[in-house]
Number of protein chains: 2
Amino acid sequence: MGATKTDHFTDKQNAIATLAKALGHPARVAIIDYLLKVDTCICGDIVNELPLAQPTVSQHLKELKNAGLIKGEIEGNAICYCIDEKIFQKLQNYFTSVSSKMEVKKSNCC
Amino acid sequence: MGATKTDHFTDKQNAIATLAKALGHPARVAIIDYLLKVDTCICGDIVNELPLAQPTVSQHLKELKNAGLIKGEIEGNAICYCIDEKIFQKLQNYFTSVSSKMEVKKSNCC
DNA sequence: ATTTAATATTGCAATATTACGATAAAGATT
DNA sequence: AATCTTTATCGTAATATTGCAATATTAAAT
């Protein structure tokens, strides 16, 4: 098939998977890195920062935006892309939760 | 094309992307959920917990293992799968780092 | 030694992703 | 208005992922 069976999983599982999937490409991780590095979020030069053609970068930005990891607003001729803090906190919470659950069950595990 | 251009990104970016990608499917998130829930890590019944056929589950387990998110050991007739705490901590650190960097640059952003 | 039980592998079809050239769209500049 | 600059979209080729039936593997149980 090739289509993910999202129906059979919980909303939470699907939500985490969607966010993780969006970060599942080095170019998209690199975009986040860059957005964290630059002072402002006017980011007209992301294309120059990546070893990919402009349409490819645009596509990756779109995916990050669809997943909610970044926000984008048209600013005259350029576009202002910024990280959406809240969504990253969601992921942080998830991994913190996993780690603390691991801490609890440490003794039972191999 | 279709092949990710890993060569042009940093090791760290590729590492995060690989881990995120491994969690980029609800079935694999569900597997992690289940491993966290059960007391021991003898997990011969993962297949019954998921709405997917046995070969599909096996494949997802393999991917989680390849990414390093879980460890698997043959235990007689069954297999003992467990979460690899260290790797999850790596992800936790990443997201904590992103969040704290966001905290710093809050004022400059849109 | 057979059978049973649990997991892995193979092979394949359906679909998704990645990448980019060509082109479009839209505001800025001249 | 014509041009430039920046970003998005379309179309398409190459590759990857998802899912499962069929089969293999391996060890325990009979």
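The structure presented is a predicted model; accordingly, all values stated were derived computationally and were not measured. All values below were derived from every heavy atom in this structure, side-chain atoms included, with hydrogens, water molecules and symmetry-related copies excluded. Lettering follows sequence order; numbering is per chain, from 1.
Side chains of Tyr34(A) and Lys37(A) form a contact here, defined as non-hydrogen atoms less than 4.5 Å apart. With a 4.5 Å cut-off on side-chain heavy atoms, Phe95(A) and Ile16(A) do not count as touching.
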Query raised in the report: After noting the C-alpha distance and the side-chain angles of Ile70(A) and Leu61(A), does the key distance pass the side-chain contact (heavy atoms from CB on, under 4.5 Å) rule?
Result: CA-CA 8 Å; Ile70(A) 63 175; Leu61(A) 285 166; 3.9 Å; yes
Query - Chi angles and distances behind the side-chain contact (heavy atoms from CB on, under 4.5 Å) call for Glu85(B), Gln89(B) - result: CA-CA 6 Å; Glu85(B) 213 176 339; Gln89(B) 270 166 12; 4.0 Å; yes
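The nearest whole Å value for the distance from the CG atom in Asn48(B) to the P atom in dT7(C) is 9 Å. Rounded to whole angstrom, the span from the CG atom of Leu52(A) across to the P atom of dA8(D) amounts to 15 Å. The nearest whole Å value for the distance from the CD1 atom in Ile46(A) to the P atom in dT7(D) is 8 Å. Between the P atom of dT5(D) and the CG atom of Asp45(A) lies a distance of 15 Å, rounded to the nearest Å.
Taking 3.5 Å as the limit, the base of dA8(D) and the side chain of Gln54(A) contain a donor-acceptor pair of atoms between them.
Ala30(B) and Leu50(B) make their closest contact through CB-CD2, 3.7 Å (heavy atoms, listed as atom of the first residue, atom of the second, distance). Ile83(B) and Lys71(B) make their closest contact through O-CE, 4.1 Å (heavy atoms, listed as atom of the first residue, atom of the second, distance). Contact record, Ala22(B) with Leu64(B): O-CD2, 3.9 Å, taken as the closest heavy-atom pair.
Using a 4.0 Å cutoff on non-hydrogen atoms, the parts of residues 55-67 of chain A near DNA chain C are Pro55(A), Thr56(A), Gln59(A), His60(A), Glu63(A), ordered by number. For the contact set between residues 16-24 of chain A and DNA chain C, defined by any heavy atom under 4.0 Å, the members are Lys21(A).
Among the nucleotides dG21(C), dT18(C), dC20(D), the one closest to the side chain of Ala53(A) is dG21(C).
The shortest distance between the side-chain N/O atoms of Tyr81(A) and the OP1/OP2 oxygens of dA8(D) is below 4.0 Å.
Residue pairs meeting the side-chain hydrogen bond (donor to acceptor under 3.5 Å, both in side chains) criterion with at least one partner in residues 49-60 of chain A, sequence neighbours excluded, are Arg28(A)-His60(A).
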